[in-house]
Amino acid sequence: MKIKYNEKEHSIEVNDNTKTHYFLMKTIMFLNRANSILHLLDLKKNGIGILELFWLILGITSIVALYFYFYKNSTLEKTPLESIKQLKEKKILGRNSYAIELIG
């Protein structure tokens with residue numbers, strides 16, 4: 001991960017290839033949701049069993065994950081300083097982890 005401060009644009013540039021990761025995760029979540037819908041189409045004919053509960057839980061989990069990937073996380077590479085609300089630091093197993101909370 002490369003973090004650089006751009007003085008001309010007053011922004012922080014983060015290069016960590018999260019766009020590719022998020023695209024793959026969104027694709028997997030869409031496929032999970034579609035697969036669970038296809039398996040639950042025969043619910044009236046077969047009734048509710050353990051496999052139907054599994055697909056229902058998987059579909060709901062995929063919808064929640066998609067919500068977070070679309071609305072709560074950002075893949076911006078250039079973040080203006082005016083849009084940063086705060087910087088959070090966490091220590092996990094002796095390593096520092098940083099998160100930028102954005103306004104709105």
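Here the structure is a predicted model, which means the values were calculated and not measured.
- Below 30°, between 30° and 60°, or above 60°: for W55 and H39 the angle between ring planes is below 30°, a parallel geometry.
- Nearest heavy-atom pair across G59 and S36 is CA-OG, 3.4 Å.
- Through chains of ILVMFWY side-chain contacts below 4.5 Å, I92 is grouped with L93.
- Y5 pairs by the ring-ring contact (aromatic ring centres under 6.0 Å, His included) definition with nothing, not counting sequence neighbours.
- Once rounded to the nearest 0.5 Å, the distance linking CG of L41 with CD1 of I37 reads 7.5 Å.
- For the atom pair CG of L102 and CD of Q86, the computed distance is 10.5 Å after rounding to the nearest 0.5 Å.
- Under a hydrophobic-cluster definition in which Ile, Leu, Val, Met, Phe, Trp and Tyr are linked whenever side-chain heavy atoms come within less than 4.5 Å, directly or via other members, L81 and I3 are assigned to the same cluster.
- Note: N35 CG to L58 CG = 8.0 Å, rounded to the nearest 0.5 Å.
- The two residues M29 and S62 have their closest heavy-atom pair at O-CB, 3.6 Å.
- Two different hydrophobic clusters hold L40 and L38 under the rule that ILVMFWY side chains link at heavy-atom gaps under 4.5 Å.
- When the side chains of ILVMFWY residues are joined at heavy-atom separations under 4.5 Å, either directly or via intervening members, Y67 and Y22 end up in a single hydrophobic cluster.
- Residue pairs meeting the ring-ring contact (aromatic ring centres under 6.0 Å, His included) criterion with at least one partner in residues 72-98, sequence neighbours excluded, do not occur; the list is empty.
- Both V64 and L66 are members of a single hydrophobic cluster when ILVMFWY side chains are connected at heavy-atom separations under 4.5 Å.
- Counting non-hydrogen atoms of neighbouring residues, nucleotides and ligands closer than 6.0 angstrom, the CD1 atom of I48 reaches no more than 12 such neighbours.
- Residues F30 and M25 are members of one and the same hydrophobic cluster, defined by side-chain heavy-atom contacts under 4.5 angstrom among Ile, Leu, Val, Met, Phe, Trp and Tyr.
- Separating the NZ atom in K26 from the NE2 atom in H21 is a distance of 11.0 Å, to the nearest 0.5 Å.
- Distance CZ/R33 to CD1/I63: 5.5 Å, rounded to 0.5 Å.
- In this structure, the separation between OG1 on T79 and CG on N6 is 11.5 Å, given to the nearest 0.5 Å.
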